[in-house]
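The basis for the numbers below is simple: all heavy atoms, side chains too, and nothing from hydrogens, waters or symmetry mates.
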Amino acid sequence: MPKAYWVARVDVHDAESYKDYAASNGVAFAKFGGRFLVRAGKFENPVGTSRARNVVIEFPSHEAALACWQSPEYQAAKAKQKGGAEMDVIIIEGYDGPQPGA
């Protein structure tokens with residue numbers, strides 16, 4: 001079964017509200033097996049649009065990733081943003097097929 005990922009792009013407009021969100025979202029991620037792979041590191045944007053922060057969270061399955069998004073724990077954390085951030089989020093199943101050169 002392939003893993004799944006949240007891929008989020010974020011512009012923070014209210015640092016305090018976003019800080020409250022970031023401090024409380026770990027409860028939901030831990031409950032559903034989420035693990036940060038990318039968390040606002042240095043990046044380049046060679047084509048298209050971008051936001052200031054990028055986040056990739058790995059989950060054990062697509063079902064776990066969706067359940068985390070829909071959970072009361074995550075929704076409560078998200079509410080703490082109070083509109084302090086603009087986010088684009090996709091929840092996507094990983095790929096387990098052949099790789100280039102394999």
Side-chain angles (χ1 to χ4, degrees):
M1 171 185 296
K3 295 182 179 184
Y5 304 88
W6 285 18
V7 180
R9 301 177 329 135
V10 182
D11 284 333
V12 176
H13 303 296
D14 179 343
E16 285 304 309
S17 294
Y18 195 79
K19 184 178 167 182
D20 290 343
Y21 159 74
S24 61
N25 63 19
V27 171
F29 298 150
K31 179 177 179 179
F32 293 95
R35 183 173 82 93
F36 286 98
L37 300 181
V38 174
R39 194 171 190 184
K42 182 171 76 171
F43 73 96
E44 303 299 321
N45 184 212
V47 67
T49 61
S50 67
R51 292 195 181 269
R53 294 174 56 94
N54 300 284
V55 178
V56 178
I57 305 170
E58 179 183 75
F59 289 87
S61 68
H62 191 252
E63 293 76 18
L66 284 173
C68 183
W69 178 266
Q70 297 165 349
S71 72
E73 295 88 351
Y74 183 72
Q75 293 304 310
K78 194 171 83 146
K80 292 181 179 185
Q81 286 183 35
K82 301 175 190 157
E86 289 180 59
M87 299 174 68
D88 300 316
V89 178
I90 64 168
I91 299 172
I92 189 167
E93 187 174 61
Y95 176 71
D96 273 347
Q99 296 295 330

How close do [X] and [Y] get, heavy atom to heavy atom, and via which atoms?
X     : Y     : answer
Asn54 : Val38 : O-CG1, 3.6 Å
Ala28 : Ser71 : CB-OG, 4.0 Å
Phe32 : Pro60 : O-CD, 3.4 Å
Arg9  : Arg51 : O-CD, 3.3 Å
Tyr74 : Met87 : OH-CE, 4.2 Å

Non-hydrogen side-chain atoms of [X] and [Y] separated by less than 4.5 Å:
X     : Y     : value
Phe59 : Glu63 : no
Asn45 : Val47 : no
Lys82 : Asp14 : no

For the backbone of [Y] and the side chain of [X], can you confirm whether one donor and one acceptor N or O come within less than 3.5 Å of each other?
X     : Y     : result
Arg39 : Ile57 : no
Glu73 : Lys31 : no
Ser24 : Tyr21 : yes
Asp11 : Ala52 : yes

Interatomic spacing from NZ in Lys42 to CD in Glu44 - rounded to 0.5 Å | 7.0 Å
Between CG of Asn25 and CD of Gln81, what distance do you get to the nearest 0.5 Å?
-> 9.0 Å
Candidate pair Arg53 and Val12, rule side-chain contact (heavy atoms from CB on, under 4.5 Å), full reasoning | CA-CA 8 Å; Arg53 294 174 56 94; Val12 176; 3.8 Å; yes
Return yes when atom CG of Leu37 has more than 12 non-hydrogen atoms of other residues, nucleotides or ligands closer than 6.0 Å, and no otherwise.
-> yes
Mind running side-chain contact (heavy atoms from CB on, under 4.5 Å) on Tyr18 and Val10 for me, showing each step along the way?
-> CA-CA 10 Å; Tyr18 195 79; Val10 182; 3.8 Å; yes
From CA spacing to verdict: side-chain contact (heavy atoms from CB on, under 4.5 Å), Gln75, Trp69 | CA-CA 7 Å; Gln75 293 304 310; Trp69 178 266; 4.1 Å; yes
Between Phe36 and Val55, does a side-chain contact (heavy atoms from CB on, under 4.5 Å) hold up when you go through it step by step?
-> CA-CA 8 Å; Phe36 286 98; Val55 178; 3.7 Å; yes
If two hydrophobic side chains count as joined below 4.5 Å and joins carry through other members, does Val56 share a cluster with Val89?
-> no
Take Phe29 and Trp6 through the test ring-ring contact (aromatic ring centres under 6.0 Å, His included) and record every step on the way to the result.
-> CA-CA 11 Å; Phe29 298 150; Trp6 285 18; 5.3 Å; yes
